[in-house]
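Written below as structure tokens is the structure these notes are about.
This chain uses plain numbering: 1 for the first residue, then up along the sequence. Note that these values count all heavy atoms, side chains included, but never hydrogens, waters or copies made by symmetry.
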Amino acid sequence: MKLRKWISLIKWKMKTGYRRSQEQATLGVMPDYGFSNKGMRISTVSAGKTAEKYGFREGDIVVKIGDHPILDLISYMSAMQNFNVGDQVNMIVVRDGSQLVATIKFV
């Protein structure tokens, strides 16, 4: 798409108040960027977000979200693009060597 068309689209969205009908989901965590094993280890949990609501903790390792296996930070980010606020999914996390299964609803 040419730059002029993009600019026109942006102006239209600003003028009309256009907004996506669904907001993309987040867990509300900061990943541990230095983690190199399987999964995505949580470094920080944000107050009032989905992860805190469902009791996730620093050090938990997310290994599956819905049907998406989480192999690393990139697969985590890719999986999260498939969910919107209000979606309900099963998640598998590893805490202290044990797998925990939780059904969560993104807030």
Are the side chain of Thr50 and the backbone N or O of Gly28 linked by a donor-acceptor pair below 3.5 Å?
no
Residues 43-72 vs salt bridge (Lys or Arg N to Asp or Glu O under 4.0 Å), sequence neighbours excluded, gives Asp60-Arg95
Report the distance from atom CG of Asn90 to atom CD of Gln88, rounding to the nearest 0.5 Å.
8.0 Å
Using the test side chain to side chain contact (heavy atoms under 4.5 Å, CB included), find all partners of Val85 that sit at least two apart in sequence or belong to another chain.
Glu23
Any pair counted as salt bridge (Lys or Arg N to Asp or Glu O under 4.0 Å), so long as it reaches residues 79-93, sequence neighbours left out:
none
Quick check: is Phe35 connected to Val93 through a chain of hydrophobic side chains (ILVMFWY, heavy atoms under 4.5 Å apart)?
no
Between Gln24 and Asn84, what is the shortest heavy-atom contact and its length?
CA-OD1, 3.9 Å
Any side-chain heavy-atom pair of Val29 and Phe56 under 4.5 Å
no
Indicate yes or no: at least one non-hydrogen side-chain atom of Phe106 is less than 4.5 angstrom from one of Leu27.
yes
Do Val101 and Val94 share a hydrophobic cluster, counting only Ile, Leu, Val, Met, Phe, Trp and Tyr and linking them when any side-chain heavy atoms are less than 4.5 Å apart?
yes
Leu100-Ile92 co-clustered via ILVMFWY side chain contacts under 4.5 Å
no
How close do Ser75 and Leu71 get, heavy atom to heavy atom, and via which atoms?
OG-N, 2.7 Å
Which atom names give the shortest non-hydrogen contact between Gly48 and Val107, and what distance separates them?
O-CG2, 4.3 Å
OH of Tyr33 to OG of Ser43: how many Å apart, nearest 0.5 Å?
9.0 Å
Could you walk me through whether Ile65 and Tyr76 pass side chain to side chain contact (heavy atoms under 4.5 Å, CB included), step by step?
CA-CA 8 Å; Ile65 304 173; Tyr76 165 75; 3.8 Å; yes
Treating Tyr54 as the side-chain partner and Lys105 as the backbone partner, does any N or O pair qualify as donor plus acceptor under 3.5 Å?
yes
If hydrophobic clusters are built from ILVMFWY residues whose side chains come within less than 4.5 Å, do Val63 and Met77 share one?
no
Would you name the heavy atoms of Ile61 and Lys38 that are closest together and state the gap between them?
CG2-O, 3.5 Å
